[in-house]
Amino acid sequence: MPFNVTVSEREAGMALVAPAGSIDTTTSPVLETHVDAVLRGAPRVLVFDMSGVDYISSAGLRVIIKAKQILAPKGGKVMLVHLRPRVKRVFEIIKALPPEAVFESVEEMDAYLDGIQRKI
Amino acid sequence: MARTRALPNTITVIIPSNPKFLRAVRSMLDEITYEMGFSAKARSEVIHAVDEACTNVIKHGYGGNFDKKIVLILRELADRLEVVIKDFGKKVHPARIRSRDLHDVKPGGLGVYFIRRSMDMVWYDMSPRIGTELKMVKYLKRQRHK
């Protein structure tokens with residue numbers, strides 16, 4: 001399966017990045033290029049839709065962690081949705097993201113964000 | 001020393017030091033670890049450890065040169081899978097193959113961190129005259145296809 005990345009804006013300030021294929025040392029630079037472009041727009045929330053990702057190596061993890069580190073000081077968040085079990089296990093093994101950043105679906109993530117919004 | 005079944009099944013695979021071949025290696029490991037009865041989590045761990053180790057060989061041992069060779073030796077034993085990854089590149093002293101913290105996103109080191117977290121035993125054999133042998137062991141722990 002050839003690797004590709006789709007980028008869209010779900011709503012103002014919320015970018016959606018959807019990679020498809022294996023994120024490894026050969027494909028992570030492609031993902032990084034797309035993510036860097038998104039980060040230049042300073043989104044409030046960057047969502048990775050991982051439904052099309054069947055494998056992620058440390059090179060791919062690095063791209064996601066880097067995005068989190070760039071957004072966090074500005075109050076931004078990185079969230080992941082639709083992780084396949086094998087990909088989810090990678091994040092679990094190395095505890096790369098807190099549980100509140102990983103969601104089964106976009107709807108679940110929306111409900112979480114709505115909850116935060118109501119508290120403000 | 002634990003006694004293990006005689007006649008181990010050993011598979012030797014030689015691949016070019018090109019990352020594009022690692023996808024095939026991952027598929028092969030998926031099949032082998034499934035047949036051995038590893039849990040889904042353990043299979044992921046073995047696949048990732050070998051993928052990261054080969055990536056490190058290409059990047060550090062061979063300096064990104066894609067036309068060298070990597071030898072993978074997989075030995076199936078009753079209670080474990082033994083993996084040897086041999087390269088013929090620049091020796092990197094084990095003291096310098098340090099595991100980098102997850103949140104340190106500079107290049108290198110995260111793969112080593114992953115290997116050490118994923119496998120039960122990991123050691124670097126620097127004794128070959130040329131290159132390095134990375135030896136790793138994953139125990140079955142009687143988990144079957146969870």
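So you know, we letter chains A, B, ... as the sequences are listed, proteins then strands, and number each from 1.
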Notebook entry, point to check: Rounded to the nearest 0.5 Å, how far apart are OG of B/Ser118 and CZ of A/Arg89?
Noted result: 12.0 Å
Note to self: Between A/Ser57 and chain B, with a heavy-atom cut-off of 4.5 Å, which part of the residue counts as in contact: side chain, backbone, both or neither?
What the structure shows: both
Checklist line | B/Phe21 CZ to A/Thr26 OG1 distance, which is reported to the nearest 0.5 Å | finding: 12.0 Å
Next item on the list: Starting at OH of A/Tyr55, measure out to CD1 of B/Ile47 and round the result to the nearest 0.5 Å.
Entry: 8.0 Å
Next item on the list: Output the distance between atom CZ (B/Arg26) and atom CG (A/Asp54), rounded to the nearest 0.5 Å.
Entry: 7.5 Å
Next item on the list: Quick one: pull up CG in B/Asp51 and CD1 in A/Ile56 and give me the separation to the nearest 0.5 Å.
Entry: 11.5 Å
Next item on the list: Evaluate whether atom NZ of A/Lys88 has more than 12 neighbouring non-hydrogen atoms of other residues, nucleotides or ligands under 6.0 angstrom away.
Entry: no
Next item on the list: Nearest 0.5 Å please: distance from the OG atom of A/Ser58 over to the NE2 atom of B/His48.
Entry: 8.5 Å
Item checked: Basic-acidic side-chain contact under 4.0 Å: B/Lys20, A/Asp24 -> no
